[in-house]
Structure formats: structure tokens, C-alpha cells
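Have a look at the structure below before the remarks.
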Amino acid sequence: MGSSNVKLKILMCTSEAVPYAKTGGLADAVSALALALAGRGHQVRIAMPRYYGINRENLTKLEGAMGVPMGGGEQWSAVYTTALGETPGGPAKRTKNPVQVYFIDHEGFFGREGIYGNSFEPDFLDNPRRFAFFCRACFQLCRKIDWYPDVVHAHDWPAALVPVFLKYGERRGISSETGSFANTVSILTIHNLGYQGIYGKDNFSFTSLGWDVFYQAGFDDWNMMNLLKGGINCADKINTVSPNYARETLTPTHGFRLDGTLRYRGNDYSGILNGIDTATWNPRSDRCLPAPYSADDMTGKAKAKEALQRIFGLPEDPAVPVIGMICRLTEQKGIGELFGPAYGSAWSICRDMNLQFVFLGSGEAWAEQEIRSLSSRLPNFKAHIGYSEEISHLIEGGADFFLMPSRYEPCGLNQMYSLVYGTLPIVRNTGGLADTVQNYNQHTGEGTGFMFDHLSPSSIYDTVGWAVWAWYNRKSDIETMRIRGMKKNFSWNKSALEYQNLYKSALKQQPPGCFAVL
Ligand code: ADP
């Protein structure tokens with residue numbers, strides 16, 4: 001497996017993938033990585049649940065039902081399939097070496113609205129069972145299609161049982177007649193350590209694994225069951241989505257109580273920066289913009305700014321800097337420090353500075369309410385509460401600055417989109433933001449954005465103030481920084497090569513959990 005031109009069989013096990021199901025960056029990352037790996041010649045397949053919202057009419061049903069042994073019995077499901085890119089709105093299909101997606105269909109577990117929950121039940125009570133079933137079904141799927149991967153690549157806590165099932169069962173050949181997973185290795189990618197899948201340990205019996213495994217694999221978390229923790233302990237290699245976040249998560253501040261578990265894995269844990277989908281996020285070809293533009297001709301960016309100001313009902317003034325922001329309204333994104341009623345800095349930023357502020361996003365109810373209130377009180381603050389791909393492209397293209405005051409950020413996509421759209425990021429020096437943005441040096445003119453270390457309303461205020469000062473007083477630095485950002489290469493190709501190396505190093509190393517086939 002050591003040679004660089006060995007083509008691997010890779011199964012991505014995921015709860016989200018664009019264009020089928022998305023709540024955040026995970027969905028973008030999985031599909032883009034799968035396509036980039038296929039572009040390198042690997043055989044890549046994706047397994048994911050067939051949620052109620054995924055229309056079966058666009059998919060092909062595999063013949064026969066699929067039984068999945070769970071909780072001492074068997075759960076029956078169906079499998080649907082399509083090639084990634086065949087559904088409208090998704091990434092372009094690869095005609096050569098396409099990525100095949102398999103949807104596990106189970107009425108009881110996935111025949112309802114919502115991925116992890118809905119407005120009535122934010123976290124479905126049966127999530128541990130739903131995703132335990134899905135993880136087990138990934139192996140049954142391989143048997144059904146008679147295709148045994150070299151690598152099972154699990155993403156986040158919903159797929160974290162995949163490495164566990166591999167180590168304590170599938171690889172040992174005790175649960176099946178074949179033992180064909182004997183040489184398969186597992187990779188677990190953590191897209192956000194803040195979500196671990198912690199549930200009552202009574203759910204563990206549903207996995208059909210013994211209580212010895214519960215303790216050996218380290219699921220125990222203060223008498224609860226922590227799915228991600230079990231996955232971290234069992235996967236052959238673990239990674240997260242930026243090198244800096246990998247380092248940060250080894251500390252108690254960012255480790256979400258799993259820093260010790262991660263430290264224990266030593267060199268098996270690393271960081272690989274996510275790429276961006278350069279076909280979708282490219283100012284030269286973006287159909288959501290009024291005109292294309294590039295580093296050589298920025299007139300299209302001025303048109304995008306004009307359109308953005310018009311759509312948000314702001315004066316169409318090229319001289320005033322526009323600050324854009326797109327995010328899920330959760331504590332992770334620094335929304336308390338920015339929008340907290342009576343203490344958040346957004347109010348004073350818009351009151352004191354000659355700028356315009358546009359916001360797109362949704363999430364916590366208090367924040368949505370505060371943002372609506374700010375829009376009604378401030379003439380230069382406008383918001384769209386909701387989700388819109390089109391508006392998000394227009395903000396990236398039309399804004400002059402992009403604000404991301406994140407408490408923590410495993411990788412972050414918007415700062416990379418901003419850089420390639422010539423929109424200067426204003427970011428906290430954390431996680432993937434620190435790996436992708438270089439702070440402005442007003443003496444040398446170097447840098448690609450504006451950064452601050454400590455998250456507080458005053459540091460956000462000061463750093464936005466610094467960016468606005470540069471806008472009015474260091475125009476040529478702003479222009480050179482823009483061009484510098486636009487020339488950055490954040491393509492998935494680069495990241496896919498690193499994942500390929502990670503797979504190969506896992507395959508080369510005798511996996512710690514590789515028991516002899518019984
Ligand atoms: P996270 O995964 O933590 O939400 P990322 O920056 O990694 O943050 O990825 C978020 C993705 O979702 C980006 O592509 C971002 O543009 C998109 N996004 C978030 N909220 C919205 C929204 N309201 N409308 C359109 N796109 C959004």
C-alpha cells in the first residue's frame with residue numbers, strides 16, 4: 001500500500017452531504033472531499049441516511065431488503081443510490097470515476113422531518129439508536145453490494161460507531177461469514193468537537209456490543225455514553241479540519257473535556273485544512289453575482305457591492321465600507337459579544353462608525369430578536385434572518401469586509417470564501433481562522449485580514465474600527481491585501497492529497513485494533 005499510485009476503495013460514512021442534507025460545513029466538506037479523491041483516481045462511495053426530505057424519486061432502489069443486526073434482533077431497511085452530482089443544485093457530476101452515494105432508508109428512524117431534530121424536538125430522543133443503526137448499516141451495505149473498502153472514513157459523532165464496529169466485530173470476522181473487513185482501516189474526522197453525541201448509556205445495548213466494549217473503548221463519560229469518545233479511542237487515525245484546531249483541542253480550553261482522550265492518541269491525531277469548492281465559490285464564474293470579476297479586473301466587485309446595498313435597502317455608496325456576516329446564530333460564533341442585548345458591540349460599531357453592516361443567518365431565538373431590533377433602530381444595519389445560498393454569494397462578493405468573531409472555529413469556510421472574493425476577513429485568532437488569515441501589518445502593508453486574540457465586545461469594536469480606519473486611510477494597502485487573498489489556493493485537491501497520505505499511513509501501520517481474523 002506504500003506506493004503513491006495505489007488506488008484505494010474509500011467509504012465515507014456521514015450524516016450530511018451536499019446537496020442532500022446540510023446543517024453546516026460538514027456537508028460541504030464530505031462531498032467536496034469525495035469528489036477530489038475520486039479526481040485522484042480513488043474509488044469513493046458515500047453512505048448516508050435517506051432522510052424524509054430526500055426525494056426517493058430521483059434515486060435508484062437496490063433490489064431486496066437489507067437486514068441490519070441491532071439490539072439482539074434485526075432491523076430491515078432499503079438502499080437507494082445515485083451518483084453525486086446527478087441531483088440538481090449539487091456539485092457537478094464526475095463523468096469519469098463518479099462518486100456513488102448510497103442512502104440507507106428506514107422509515108422508523110429517518111422517515112420524519114429533520115436531520116438531528118426539529119423545532120418540536122431539537123435533539124431526537126432516539127438519535128443514539130438512529131445513528132447506531134446507520135453505522136452498522138454501513139457494513140451491511142458493503143456486503144450487499146459486495147464491495148469491501150480499504151478505508152472507512154467516518155465523520156463526526158453520528159458516524160463515530162463505525163470505527164468501533166470495525167474494531168470490535170467486523171474486522172475480527174465474528175459477526176459475519178466473510179471477514180472481508182480484515183484489512184480495512186478506519187479514519188474519524190472531527191468537524192466540530194463541541195458536538196460529541198452524549199446520551200444515556202442504556203442506549204448502548206442497542207449496538208449489540210458487550211459492556212466490556214463499552215468500558216474498553218472508553219464510551220463512559222460520567223456514567224453517560226459518549227459516542228465521539230468511543231470513536232476517538234477506536235479509529236486507526238483521527239483528524240480534525242485544521243492544524244491549528246488540532247493543536248488547540250489538545251488543551252483544556254478547547255478540548256471540550258476530550259483533550260486528554262485526544263492527547264492519548266498522540267501522533268494518530270492531526271489536522272488537515274478543509275478546502276473550498278472552487279467551482280461554486282469563484283468570482284470569475286459565480287452566477288449569483290451581477291458580473292464576474294477577478295484580481296485583474298475588479299469592476300464586477302463594485303457592481304456586486306451596489307447590488308448588495310440595493311437588496312438590503314442601504315444607500316448605494318461605493319465610498320462607505322460594507323461589513324458582511326453570515327452564520328448560524330450559536331454561541332460558537334461569538335454572537336454574545338456581538339449581539340448580546342445591552343453589551344454586544346454591534347450597536348456601538350454601527351452607531352459610531354461610518355460603515356454599513358449586512359447580516360445573513362438564523363439560529364438562537366434571542367439573537368434573531370436582537371438582530372431584528374438592531375435593524376429597526378440603526379439605519380446602517382440590515383439583516384436577512386433565514387437561509388439563502390444566493391444572498392450568501394452576494395455578501396461574499398459585495399462586502400468589503402467579512403466579520404467572524406468566533407469563540408472557536410474548527411476550520412471555517414466563510415473566511416476562505418471571503419479571501420478569494422477579495423473581501424477582507426476580520427476574525428478572531430483561533431482554529432482554522434488562524435491557519436488561513438494573516439494579520440494586517442500597517443507598517444509593512446503585509447497581511448490578508450484583521451485579527452484579534454481575546455473575544456470581548458471591546459476587541460471586536462476595536463478591530464472593526466481598525467479595519468474601517470485602514471479603509472479610509474490606507475486605501476492602497478486594502479487593495480493589495482485584496483489581491484493577495486484572491487490569489488490564495490484553497491482547493492480541495494491539496495487537502496485530498498493530505499487525506500490520501502493519512503489513509504496510506506493508517507494502512508501501513510499495523511492498526512492497534514487489528515485482531516487476527518477468527
Ligand atoms: P459551520 O459549519 O460552523 O456552520 P462554516 O463556516 O464551516 O461554519 O460553514 C458554514 C457554511 O454554511 C458556509 O458555507 C456558510 O456560508 C453557510 N451558511 C451558514 N448560514 C447560512 C445562511 N443563513 N445562508 C446561507 N448560507 C449559510
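Starting from 1, each residue takes its place in the sequence as its number. Side chains included, hydrogens not; waters and symmetry mates left out as well; all remaining heavy atoms used. Each ligand, and each atom within it, is numbered from 1 in the order the structure gives.
A donor-acceptor contact closer than 3.5 angstrom is absent between the side chains of E16 and Y51. Between the side chains of E248 and T430, at least one donor-acceptor pair of N or O atoms lies under 3.5 Å. Side-chain contact of S348 with S345: a donor-acceptor pair under 3.5 Å is absent, judged by distance alone. Side-chain contact check for K301 and T423: at least one donor-acceptor pair (N or O, by modelled atom type) lies under 3.5 Å. Counting only N and O atoms by type, the side chains of Y417 and N282 include no donor and acceptor under 3.5 Å apart. No hydrogens or angles considered: nothing links the side chains of K305 and Q356 as a donor-acceptor pair under 3.5 Å.
Applying the side chain to side chain donor-acceptor pair (under 3.5 Å) test to Y269 and every residue at least two apart in sequence or in another chain returns T249.
Only the side chain of I326 comes within contact range of ligand 1, with a heavy atom under 4.0 Å; no backbone atom does. Of the heavy atoms in K333, only side-chain atoms (C-beta onward) come closer than 4.0 Å to ligand 1.
Near G24, the atoms of ligand 1 lying under 4.0 angstrom from a non-hydrogen atom of the residue are 2 (O). In the vicinity of G361, heavy-atom distances shorter than 4.0 Å reach the ligand 1 atoms 23 (N).
Taking the six-membered ring for Trp and the full ring otherwise, H153 and Y503 have centroids separated by under 6.0 Å.
Nearest protein heavy-atom contact of atom 13 (C) of ligand 1 is N414 ND2, 3.9 Å. The protein heavy atom nearest to atom 6 (O) of ligand 1 is L413 N, 3.0 Å. Of all protein heavy atoms, the one closest to atom 17 (C) of ligand 1 is K22 NZ, 4.2 Å. Looking only at heavy atoms of the protein, atom 24 (N) of ligand 1 is closest to S388 N, 3.1 Å. In terms of protein heavy-atom proximity, atom 4 (O) of ligand 1 is nearest to R328 NE, 2.7 Å. Atom 23 (N) of ligand 1 has as its closest protein heavy atom G386 O, 2.8 Å. Looking only at heavy atoms of the protein, atom 22 (C) of ligand 1 is closest to Y387 CD1, 3.3 Å. The nearest heavy-atom contact from the protein to atom 10 (C) of ligand 1 is G25 N, 4.1 Å.
For the ligand labelled ligand 1, residue C411 lies outside the 4.0 Å heavy-atom shell.
Formation of a donor-acceptor pair under 3.5 Å by the N118 side chain with backbone atoms of E121 is found in this model.
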